Amino acid sequence: MLVEVGWLRLSILLPMLVLSVGRGMVVAAGHPQGKWAVPVGVALLLASAHRQRADLRFLTISAPDYRRWLAVEYLLWAVPAAVVLGLFSAWGAAGLGLFLASLVAWVPPAREALSTRHKARSLLRSEAFEWVSGLRPWGGVWLLLLGIALWQHATPLGPVVALGVWLVLITACYGQPEPITMLVLAARAPGTFLRRRLLLGTGYAAFSAAPFLWLLASGPAGVGGALAVATAWLGLVALLILTKYAFYSNAVHIRFSQALVVSVALALPGNPVYPVLLLVAVGGLLWQSQRRLRLLLGSVTEPMDKD
């Protein structure tokens with residue numbers, strides 16, 4: 001990881017991750033209803049990582065009882081969240097988090113889940129393949145988040161937390177680069193390609209977030225608060241899409257850079273340096289994504305003199 005991501009990016013990323021996650025945990029743990037979102041959020045994050053594990057097939061062959069060991073591993077990952085909840089005397093939420101984390105080991109992997117059921121025709125454009133493939137496993141989670149937001153619609157925290165969790169799941173969909181052949185067939189020019197990807201991605205994101213924003217606007221936050229949240233949330237989705245192509249096709253770079261973008265956005269609002277960092281991030285990702293696509297398309301279309 002140190003070689004692939006780089007020590008400088010890791011030295012920036014890790015403190016930002018700790019700061020943003022810690023801040024969100026403390027705010028949620030001290031809230032009477034928000035504390036129950038912590039175990040659900042931790043379980044969803046673990047489930048997303050578990051379903052993408054590349055060693056599950058190897059573990060199935062080499063260690064048939066591997067799920068018990070994975071349950072212990074995921075339980076340990078959930079311990080810090082349980083400790084924070086325990087500091088706020090939220091023992092029920094802490095116990096639920098440990099229980100749900102251990103159950104993640106029995107969640108089927110992504111390919112297994114898709115291959116064991118009939119794939120219905122999607123209502124989404126096939127061009128937006130991230131949403132087509134992402135809504136199959138996460139459509140039920142979206143309904144669950146909507147139910148939680150409806151339950152807590154009297155306070156702005158409910159819809160906002162639901163949108164935060166949904167953003168994490170969207171990040172997982174955009175963290176895997178498509179094959180170079182798909183990119184070459186779709187990308188006639190870097191600028192046009194990026195505009196199309198941004199239009200599709202933010203459009204479907206806005207459609208999926210509309211019920212949460214409506215609940216937010218009808219509550220104490222009002223229309224102004226809902227518009228502010230919508231602008232920030234869709235802006236983050238756009239940055240995640242740009243990050244994907246700025247670091248294409250290294251999945252490790254893409255995911256860690258996306259985590260850095262989300263961490264900075266969640267950890268530094270209100271800080272005097274936040275507008276400067278945001279401006280640098282937007283400009284840098286726009287330049288890097290177009291530059292990366294231009295290099296890739298040029299290298300593929302040029303005649304190759306050797307294997």
Side-chain angles (χ1 to χ4, degrees), residues 1-5 10 13-14 17-18 20-22 24-25 28-29 35-86 90-117 119 130 133-145 148 161 164-177 250-259 262-263:
M1 187 182 300
L2 189 62
V3 173
E4 290 293 330
V5 179
L10 275 179
L13 170 65
L14 294 180
L17 282 176
V18 173
S20 60
V21 173
M25 289 278 294
K35 63 184 179 182
W36 297 104
V38 175
V40 176
V42 171
L44 288 175
L45 288 173
L46 290 173
S48 176
H50 168 78
R51 298 182 76 250
Q52 302 297 328
R53 286 183 70 132
D55 60 347
L56 288 179
R57 184 177 296 276
F58 167 77
L59 291 173
T60 303
I61 298 173
S62 60
D65 58 345
Y66 73 96
R67 295 188 187 275
R68 291 186 297 173
W69 296 102
L70 290 184
V72 175
E73 176 187 342
Y74 298 149
L75 186 71
L76 293 175
W77 278 107
V79 164
V83 170
V84 174
L85 291 170
W91 303 111
L96 177 64
L98 296 176
F99 175 71
L100 292 178
S102 61
L103 289 183
V104 169
W106 280 268
V107 174
R111 291 182 179 179
E112 180 181 321
L114 291 178
S115 62
T116 55
R117 63 182 177 180
K119 296 181 182 179
E130 297 95 346
S133 59
L135 285 182
R136 287 194 182 107
W138 297 125
V141 179
W142 182 87
L143 291 175
L144 175 63
L145 292 173
I148 294 174
V161 170
V165 175
W166 186 235
L167 178 67
V168 172
L169 299 181
I170 292 174
T171 304
C173 296
Y174 279 98
Q176 185 64 34
N250 192 312
V252 176
H253 284 189
I254 291 174
R255 290 169 182 170
F256 272 87
S257 300
Q258 287 175 335
V262 174
S263 300

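Not measured: the values here are computed from a predicted model.
What you find for Q176 and A251 is that their closest heavy atoms are OE1-CB, 4.4 Å. The two atoms that bring A101 and A78 nearest to each other are CB-CB, 3.5 Å, heavy atoms only. Residues L100 and A43 come closest through the heavy atom pair CB-CB, 3.8 Å. For the pair A71 and S102, the tightest heavy-atom approach, listed with the atom from each and the gap, is CB-O, 3.5 Å. Considering every non-hydrogen atom in both I254 and G175, the closest pair reads CG2-O, 3.8 Å. Between A81 and V42, the shortest heavy-atom contact is CB-CG2, 3.9 Å.
Atom CD of E73 sits about 10.0 Å away from atom NE2 of H50, to the nearest 0.5 Å. Atoms CZ and OG1, on R67 and T60 in that order, are 6.5 Å from each other to the nearest 0.5 Å. A distance of 9.5 Å separates CG in L98 from CG in L76, rounded to the nearest 0.5 Å. Put simply, CG on L70 and CG on D65 are 10.0 Å apart, with the number rounded to the nearest 0.5 Å. To the nearest 0.5 Å, atom CG of residue L46 and atom CG of residue L103 are 11.5 Å apart. Annotation: the span from W166 atom CH2 to T171 atom OG1 amounts to 11.0 Å, rounded to 0.5 Å.
Considering only heavy atoms from C-beta on, Y66 comes within 4.5 Å of L56 through its side chain. With contacts defined as side-chain heavy-atom distances shorter than 4.5 Å, the pair V168/L44 does not qualify.
The number of heavy-atom neighbours closer than 6.0 Å to CZ of R68, taken from other residues, nucleotides and ligands shown, is 12 or below.
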